[in-house]
Number of protein chains: 2
Amino acid sequence: MTNIHDIARLSGYSVSTVSRVLNNSGYLSDTARNKIQKIIEEQDYVPNDVARDLSRGKTYNVGIVLPHTKHPYFTHLIKGIMETAFAKGYHVVLLPSLYNADIENQYLEQLRRKSYDALIFTSRGIPLKRLLKYQKYGSIICCENPGDYQIAAAYSLRSKTFTEAFSYVKNQGYHEIGILLSRPRESSTTSSLTLASYEAVYGATPKIINTSVTTYQDGYNAMAGFQKNEKKPDFIFANGDDVAAGARQYYLDNELSVPAMMGQENQLSGNILNIPTIDHHFHEVGRKAMELAISGEIKMIPINSELIKR
Amino acid sequence: MTNIHDIARLSGYSVSTVSRVLNNSGYLSDTARNKIQKIIEEQDYVPNDVARDLSRGKTYNVGIVLPHTKHPYFTHLIKGIMETAFAKGYHVVLLPSLYNADIENQYLEQLRRKSYDALIFTSRGIPLKRLLKYQKYGSIICCENPGDYQIAAAYSLRSKTFTEAFSYVKNQGYHEIGILLSRPRESSTTSSLTLASYEAVYGATPKIINTSVTTYQDGYNAMAGFQKNEKKPDFIFANGDDVAAGARQYYLDNELSVPAMMGQENQLSGNILNIPTIDHHFHEVGRKAMELAISGEIKMIPINSELIKR
DNA sequence: GTAATATATGAAACGGGTACCACATCAAGT
DNA sequence: ACTTGATGTGGTACCCGTTTCATATATTAC
């Protein structure tokens, strides 16, 4: 494998000058450029990116920590992330966490070990506080409101829209709301925001609730659970349109009347089935998160979310 | 930033011995291990992954070249890829190509420059032949039948199922088939396989066809185009369930009777709308492709695809 | 008792670039 | 004529590990 030293030797110039040709930087005569270029082509030489990364102390890799690809917002978020990354010459490395704290910590360690220039936590299991300690090793971005923590963040302003949504539901006369969430209130910002909004509007904690729902099938199964309860829901508030679609299917399959519903993420299923939804604009969140990752700024970028009535 | 040399100096041992502690390899006394471990902890030292990669000549990164995240098979494929990668400690780097040959070539060059250990082409714009030249720089896997080329491949056996599907459609009495593809026959294996199967069953080239369809919206728009034709389709053969759903919506919106349809990829939309589909088992293709990437074997792994009648 | 082998450690080359600094020219400015 | 600044190039430290080879001591085997 030929390296920059070989090119230097063969061309009769120094490695510094060869490096200048490669990077098109600094003072350089046309003579030198041409001669070196010729040798480079003859030898079919290309510089080694890893060596370059080591020397520059920068990898142009950004790690994206995500629980799993089944997560409702995955598609939108990743699209936004990739658009910005691609435009700026950065690489997107997908890091599945399964919401496992050990795994998330491993990724933080990898940041420290210089595997990535930055990490974007699209969701997380470990406490925000823990992220703080790793900021000195590279920028860390979270996709939620970090509150008082000085952590870069791009996130959807969900509370307001959740409240708007529940008010809308209440005004329509629904009072037995079945709520579907992906994780328990204690461990998920999303869940606690949702429930806080519910409580603000309804003035009580929800009775009909399931906190381990992510997919269509989960939504379906959750309805089976609700049917065993004494209280049956007259409205389903789901954490994704796909989930809502699964819930709906349960009622259809069991020849029960389908309650009104609302989904989230503006997924295709909601569009097809005409289920109202909340679009958290995760595509935009993804773009902004990646911009923060690249710039290294520690600031908060809230993004409006939107209730789509149908 | 402390490095291995600092640890060596502070502990009174050589870098070789420190390296042995880090990698838990070779002969090593307990005394040395303990002393060095202590210094490592005191200094809060972690080795630099980039330096390690350079030294070892391996990155544990696998690049995934994909046209864009809107592609119907994206979700399934990426899930399979990530599962295997995660299990084996590899990193998945997403590389959007937009089917642009220049961009695809850039990724091949990056393989040569050691940015990745392997590349998986989930789809491609450049000719297969071009991939051959880069195999010496790392394993290259394609997700289609490479024919006579000696290229590692994990791919769905689509022809048989396409033929089965068209026969099924024909037996049901449909003769004016509107075909939706993502790319023209000349530049896409998928398209040419689809059309070859159609022709084998119907004995003629299709008249109603659109070759730039990828999304729900594209499907919708394509129907508007078909409606302008003299020949109206009595069956829509779409390249994805989401696309079929878009097509269906066009008819609904325009109060036309919805023709029978078939989708592909076994997407949620097809399930919801009860549209028959072809499941190409891309999840499995993803797993196998990543296994090939890691093992470096140059072999073909065909995977059965499946017609799902509904 | 001595050769053979296992154990422990270090020196230094190697992987392959980048970038700072020194040095040498040469032309323009005063 | 002399200073100054632009231009061109080289030397070399630096980024940070891994790994081979040599050396030294401790066991074990015969």
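Excluded from the calculations below are hydrogen atoms, water molecules and symmetry mates; all remaining heavy atoms, backbone and side chain alike, are included. Labels below follow one simple rule: chain letters A, B, ... track the order of the sequence lines, proteins then strands, and each chain is numbered from 1.
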- Check the surroundings of atom CD in Gln150(B): do more than 12 heavy atoms from other residues, nucleotides or ligands lie under 6.0 Å from it? no

- Message: Would you say Tyr27(B) places a side-chain N or O within less than 4.0 Å of OP1 or OP2 belonging to dA8(C)?
- Response: no

- Item | Contact under 4.0 Å: Ser29(A) side-chain N or O vs dT9(D) OP1/OP2 | yes

Quick one: [X] [atom1] to [N] [atom2], roughly how many Å, whole number?
| X | N | atom1 | atom2 | result |
| --- | --- | --- | --- | --- |
| Asn3(B) | dC16(D) | CG | C1' | 6 Å |
| Ile4(A) | dG10(D) | CD1 | P | 12 Å |
| Leu54(B) | dG15(C) | CG | C1' | 4 Å |
| Arg33(A) | dG8(D) | CZ | C1' | 12 Å |
| Asn48(A) | dT18(C) | CG | C1' | 13 Å |
| His5(A) | dG10(D) | NE2 | P | 14 Å |
| Lys114(A) | dG17(D) | NZ | C1' | 15 Å |
| Arg113(A) | dC15(D) | CZ | P | 19 Å |

Scan side-chain atoms only and decide if [X] and [Y] contain a donor-acceptor pair under the 3.5 Å cut-off.
| X | Y | value |
| --- | --- | --- |
| Glu144(B) | Thr189(B) | yes |
| Glu109(A) | Tyr134(A) | yes |
| Arg130(A) | Asn105(A) | yes |
| Arg33(B) | Asn24(B) | yes |

- Gap separating the CZ atom of Arg52(A) from the CG atom of Asn48(A), nearest 0.5 angstrom: 9.5 Å

- Can you name the one residue among Phe86(B), Tyr90(B), Tyr116(B) that meets ring pair (Phe, Tyr, Trp, His ring centres under 6.0 Å) with Tyr60(B)? Tyr90(B)

- Item | Phe282(A) and Tyr73(A) aromatic ring geometry - parallel, tilted or perpendicular at 30°/60° bounds | tilted

- Task: For Leu28(A), report the nucleic acid contact type (base, sugar-phosphate, nothing); a contact means any heavy atom under 4.0 Å.
- Result: sugar-phosphate

- Taking DNA chain C as the partner, which of residues 8-25 of chain A come within under 4.0 angstrom of it by heavy atom? Ser16(A), Ser19(A), Asn23(A)

- Task: Kindly point out which of dT18(C), dG16(C), dT9(C) is positioned nearest to the side chain of Arg52(A)?
- Result: dT18(C)

- Task: Could you please spell out the steps behind the salt bridge (charged side-chain N to carboxylate O under 4.0 Å, His left out) verdict for Lys288(B) and Glu291(B)?
- Result: CA-CA 5 Å; Lys288(B) 293 299 181 192; Glu291(B) 282 175 22; 3.7 Å; yes

- Query: For Ser55(B) and Arg56(A), take the nucleotide of DNA chain C holding the closest heavy atom to each; which residue's nucleotide lies nearer the 5' end?
  - Reply: Ser55(B)

- Per the end-axis method with five pairs at each terminus, what is the bend angle of the helix from dG1(C)-dC30(D) to dT30(C)-dA1(D), to 10°? 30°

